[in-house]
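Below is one structure, written out as structure tokens; the observations come after it.
Throughout, protein chains are lettered first and strands after them, A, B, ... in sequence-line order, and every chain is numbered starting at 1. From a predicted model like this one, the values you see are computed outputs, not experimental measurements. Every heavy atom of this structure was used, including side-chain atoms; hydrogens, water molecules and symmetry mates were not.
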Amino acid sequence: AQKVTQAQTEISVVEKEDVTLDCVYETRDTTYYLFWYKQPPSGELVFLIRRNSFDEQNEISGRYSWNFQKSTSSFNFTITASQVVDSAVYFCALSERNTGNQFYFGTGTSLTVIP
Amino acid sequence: SAVISQKPSRDICQRGTSLTIQCQVDSQVTMMFWYRQQPGQSLTLIATANQGSEATYESGFVIDKFPISRPNLTFSTLTVSNMSPEDSSIYLCSVEDWGGYEQYFGPGTRLTVT
């Protein structure tokens, strides 16, 4: 079974629109971590955020915000006022204590921001 | 966060040959990981490399095909042996921070096998 599901394969938005990338995870562990990574066309994976299972506070960093809801096992990522430089593939990932913090990646969402 | 470099950044190789990818970290780390990302796909863990012990391979990956070395706490290599076009992928190394919570990734090696 897929531990991390990113149902949106590709999204296109016009510059300055807001966009939300969905991430649903599955785990039986009580201690786990959730992550978002950005992979621009250059291929490098850029760490964006980590959230642990005990902290459901939403987080905002500039134009980025994250909504963590344990009740729905979701960790969604919103980009406000999107820019062309936001065009990339975004990966959500899960790390579980019980599996030695092995990372499970979702299949990624390819975001294209149209100028 | 750790700064990770990989060599080569890209290569085009002929089938049947082997390529060794190097991963260098600017600080000592316990755990290093090797991932494969096939075109348009997500990341798949190949193996975990701890210094001083044999690498641990994930299901579907074997040491004969992907031998790994981890001679010290800042360096590792992954060899892709007897390559076929199906091995065309981006290969990424990553390291775990000392807290064990985050992984930082190198820039990747883009391999094309013809």
Would you name the heavy atoms of B/Gln41 and A/Phe91 that are closest together and state the gap between them? O-CZ, 4.1 Å
Cut-off 4.5 Å, heavy atoms of chain A, and the answer for B/Gln37 is side chain
Contacting region of B/Leu43 [heavy-atom separation from chain A under 4.5 Å]: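 Both the backbone and the side chain of B/Leu43 come within 4.5 Å of chain A.
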Would you indicate whether [X], at its atom [atom1], is surrounded by more than 12 heavy atoms from other residues, nucleotides or ligands within a distance under 6.0 Å?
| X | atom1 | result |
| --- | --- | --- |
| B/Lys7 | NZ | no |
| A/Gln83 | CD | yes |
| A/Ile114 | CD1 | yes |

If two hydrophobic side chains count as joined below 4.5 Å and joins carry through other members, does [X] share a cluster with [Y]?
| X | Y | result |
| --- | --- | --- |
| A/Phe47 | B/Trp34 | no |
| B/Ile68 | B/Ile90 | no |
| A/Leu94 | A/Val24 | no |

Assess the pair B/Tyr35 and A/Phe103: is the distance between their ring centroids shorter than 6.0 Å? no
In terms of heavy-atom proximity below 4.5 Å to chain B, should [X] be classed as side chain, backbone, both, or neither?
| X | result |
| --- | --- |
| A/Gln39 | side chain |
| A/Phe105 | both |
| A/Ser110 | neither |

For B/Ser42 and A/Gly106, indicate whether the former's side chain and the latter's backbone hold a donor-acceptor pair under 3.5 Å. yes
